[in-house]
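Below is one structure, written out as structure tokens, with a few remarks after it.
If you read the sequence from its start, that first residue is 1, and numbering goes on from there. Atoms considered below: every heavy atom in the structure, side chains included; atoms not considered: hydrogens, waters and symmetry mates.
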Amino acid sequence: MVAASCLPALAAEQLQDLPGTSFNCEAHPWLEASPLGAESQAGYAAAEKLGMQVLNLSGIELHWPKSERSLLVMSGQYGDMEGSGGRQLETSICVGLSDRDMQVINLRGQRIPGFLSKLSAWPTQRGQDARLIIVVSFSDGYEDSQVLAFSVDGSGNVESVDTTNAHTQWGEYQLADLDDNGSYELLCYRNLDGSLGGLSYRSVRGYDAASNSYVPAAQQHKRFFELERDWLDWVIDTRPQVEANPMAYIQEEGTGAYYQAQYNGVSYGFDTIIFIDNAGYDREVARELGMRANDAFRKVRNYRDELNNWLSGGEMPATWGMR
């Protein structure tokens with residue numbers, strides 16, 4: 001998948017990757033996170049709650065800032081990608097404080113369709129009174145993945161965080177403190193050019209403590225979208241350069257040839273918006289693929305124009321589907 005432009009380096013504290021879990025995991029550095037396996041005490045406790053059919057049991061321990069207490073989060077999967085035995089691929093989450101029993105939490109039902117793809121955690125303040133915000137995405141191997149969240153206070157009380165039906169591509173999202181105020185915005189990837197694995201744009205949701213929810217926050221973060229617009233300008237301006245001198249951009253590693261260029265040190269593929277002809281193609285197939293690439297490029301250019309209009313005081317981009 002080709003991501004959109006780089007995140008602006010505005011956050012005072014970046015979330016840090018945590019290796020050792022079966023899912024992608026990141027946590028705020030104040031939380032002193034560590035992985036938990038199925039053989040850990042928390043793993044055994046979670047297995048008792050989730051039952052004998054649970055698979056891929058894995059989790060993390062998150063220490064409250066300036067406190068001896070910690071939060072244990074365990075994920076357990078049921079079924080697999082092939083749906084063997086007729087069982088749907090589903091996931092359950094167990095949480096518990098370090099000095100309390102584990103409990104299964106309900107996020108839109110006890111079991112969530114798909115496997116846990118990514119988990120991110122950040123505290124609302126630096127202290128033992130912080131509420132920990134846990135964001136999770138679930139994927140079943142297809143492009144569209146749901147993003148859910150919950151929060152836990154220092155007493156172990158769990159509350160669901162409304163994510164306003166957030167979805168993202170392939171289970172990948174980002175948390176970033178765009179305005180450097182200690183609260184982390186949720187950035188979800190959405191397909192832009194209509195091609196599977198193609199170019200993406202990002203939505204922005206901000207955490208609202210009063211309602212314990214992630215709500216659309218585009219108006220508060222126009223600088224983010226200005227940078228996204230600049231990236232789209234580069235994509236549009238680079239396409240004719242690639243077409244005029246394709247050999248300067250061709251890459252032939254991996255599964256096949258594709259065009260690639262760099263923006264601010266990050267590489268982006270152009271194969272969804274520029275047709276690469278092949279002598280082996282049937283001419284009718286080649287014509288169809290060429291039309292598809294042109295249509296994908298039209299969607300990219302259309303979104304750039306929508307952003308320009310909105311940033312100049314016009315209506316929100318229709319691409320967002322927020323009419």
Side-chain angles (χ1 to χ4, degrees), residues 1-3 15 17-27 35-38 42-43 46-47 49-60 62 71-95 102-122 133-152 158-175 186-192 194-198 200-203 205 213-214 321:
M1 182 184 77
V2 182
L15 302 192
D17 291 335
L18 178 68
T21 56
S22 61
F23 48 87
N24 293 329
C25 186
E26 61 182 11
L36 294 170
K49 297 288 185 180
L50 299 176
M52 295 296 294
Q53 292 184 326
V54 69
L55 304 170
N56 297 334
L57 197 58
S58 183
I60 58 169
L62 302 166
L71 174 68
L72 312 175
V73 182
M74 297 297 299
S75 164
Q77 179 182 314
Y78 301 85
D80 54 33
M81 298 294 291
E82 284 72 37
S84 60
R87 289 184 299 167
Q88 181 183 1
L89 178 62
E90 297 176 312
T91 298
S92 278
I93 302 291
C94 264
V95 302
M102 301 286 284
Q103 60 175 310
V104 180
I105 62 171
N106 295 320
L107 297 172
R108 300 185 184 176
Q110 182 169 315
R111 294 182 183 176
I112 304 118
F115 59 88
L116 177 59
S117 179
K118 184 174 182 178
L119 181 150
S120 304
W122 62 275
I133 309 299
I134 313 296
V135 179
V136 285
S137 64
F138 298 88
S139 177
D140 56 4
Y142 295 96
E143 184 177 22
D144 197 48
S145 302
Q146 61 179 324
V147 183
L148 304 175
F150 60 95
S151 64
V152 187
V158 180
E159 293 185 14
S160 178
V161 173
D162 182 8
T163 53
T164 61
N165 197 32
H167 284 74
T168 195
Q169 289 188 300
W170 312 109
E172 179 54 41
Y173 61 83
Q174 293 169 295
L175 289 183
L186 170 61
L187 314 179
C188 293
Y189 290 97
R190 307 303 299 149
N191 182 268
L192 174 57
S195 298
L196 188 65
S200 304
Y201 70 92
R202 287 175 291 180
S203 63
R205 289 174 171 83
S213 62
Y214 265 108

Inset, instruction - Report the distance from atom CG of Leu89 to atom CD1 of Ile112, rounding to the nearest 0.5 Å. - result: 11.0 Å
Inset, instruction - For the residue pair Ile133 and Tyr214, establish whether any side-chain heavy-atom pair is separated by less than 4.5 Å. - result: yes
Inset, instruction - Please report the shortest heavy-atom distance between Asn191 and Tyr201, naming the atom on each side. - result: O-CE2, 3.5 Å
Inset, instruction - Rounded to the nearest 0.5 Å, what's the gap from OG on Ser195 to CD on Glu143? Could you check? - result: 9.5 Å
Inset, instruction - Answer yes or no: is there a donor N or O on one side and an acceptor on the other, between the side chain of Tyr173 and the main chain of Val135, under 3.5 Å? - result: yes
Legend entry - Backbone N/O of Glu172 and side chain of Ser145: donor-acceptor pair under 3.5 Å: no
Legend entry - Donor-acceptor pair, side chain of Gln77 and main chain of Gly79, under 3.5 angstrom: yes
Inset, instruction - Give, for atom OG of Ser139 and atom NZ of Lys118, the distance between the pair rounded to the nearest 0.5 Å. - result: 13.0 Å
Legend entry - Exercise: identify the closest heavy-atom pair between Ile60 and Cys25: CG2-SG, 3.5 Å
Legend entry - Flag, side chain of Tyr78 to backbone of Ser92, donor-acceptor distance under 3.5 Å: no
Inset, instruction - Decide yes or no for Leu18 and Pro35: does some side-chain heavy atom of the first lie under 4.5 Å from some side-chain heavy atom of the second? - result: yes
Inset, instruction - Rounded to the nearest 0.5 Å, what's the gap from CD1 on Ile105 to CG on Leu148? Could you check? - result: 9.5 Å
Inset, instruction - Looking only at non-hydrogen atoms, find the nearest pair between Leu72 and Leu36 and report the distance. - result: CD2-CD1, 3.9 Å
Inset, instruction - Measure the shortest side-chain to side-chain distance between Val95 and Phe150 over non-hydrogen atoms and say whether it is less than 4.5 angstrom. - result: yes
Legend entry - From Asn106 atom CG to Ile93 atom CD1, the distance as rounded to the nearest 0.5 Å: 11.5 Å
Legend entry - With sequence neighbours excluded, residues passing salt bridge (charged side-chain N to carboxylate O under 4.0 Å, His left out) with Asp144: Arg190
Legend entry - Backbone N/O of Leu116 and side chain of Ser75: donor-acceptor pair under 3.5 Å: no
Legend entry - Heavy-atom closest contact (Leu57 atom, Gly76 atom, distance): CD1-CA, 3.8 Å
Inset, instruction - Keeping the roles fixed (side chain from Thr168, backbone from Cys188), state whether a donor-acceptor pair exists under 3.5 Å. - result: no
Legend entry - Contact summary for Leu62 and Ala121, nearest pair of heavy atoms: CD1-CB, 3.6 Å
Inset, instruction - To the nearest 0.5 Å, tell me how far Trp170 CH2 sits from Leu196 CG. - result: 4.0 Å
Legend entry - Test item: side-chain donor near acceptor, Arg111 and Gln88, under 3.5 Å: no
Legend entry - N/O donor-acceptor pair under 3.5 Å between Thr21 side chain and Gly59 backbone: no
Legend entry - Shortest non-hydrogen contact from Leu107 toward Ala149: CD2-O, 3.9 Å
Legend entry - Donor on one side chain, acceptor on other, Glu26 and Ser120, under 3.5 Å: yes
Inset, instruction - Could you go through the side-chain contact (heavy atoms from CB on, under 4.5 Å) check for Leu175 and Leu186 one step at a time? - result: CA-CA 5 Å; Leu175 289 183; Leu186 170 61; 3.9 Å; yes
Inset, instruction - Report yes if the side chains of Leu50 and Met74 come closer than 4.5 Å at any heavy-atom pair, otherwise no. - result: no
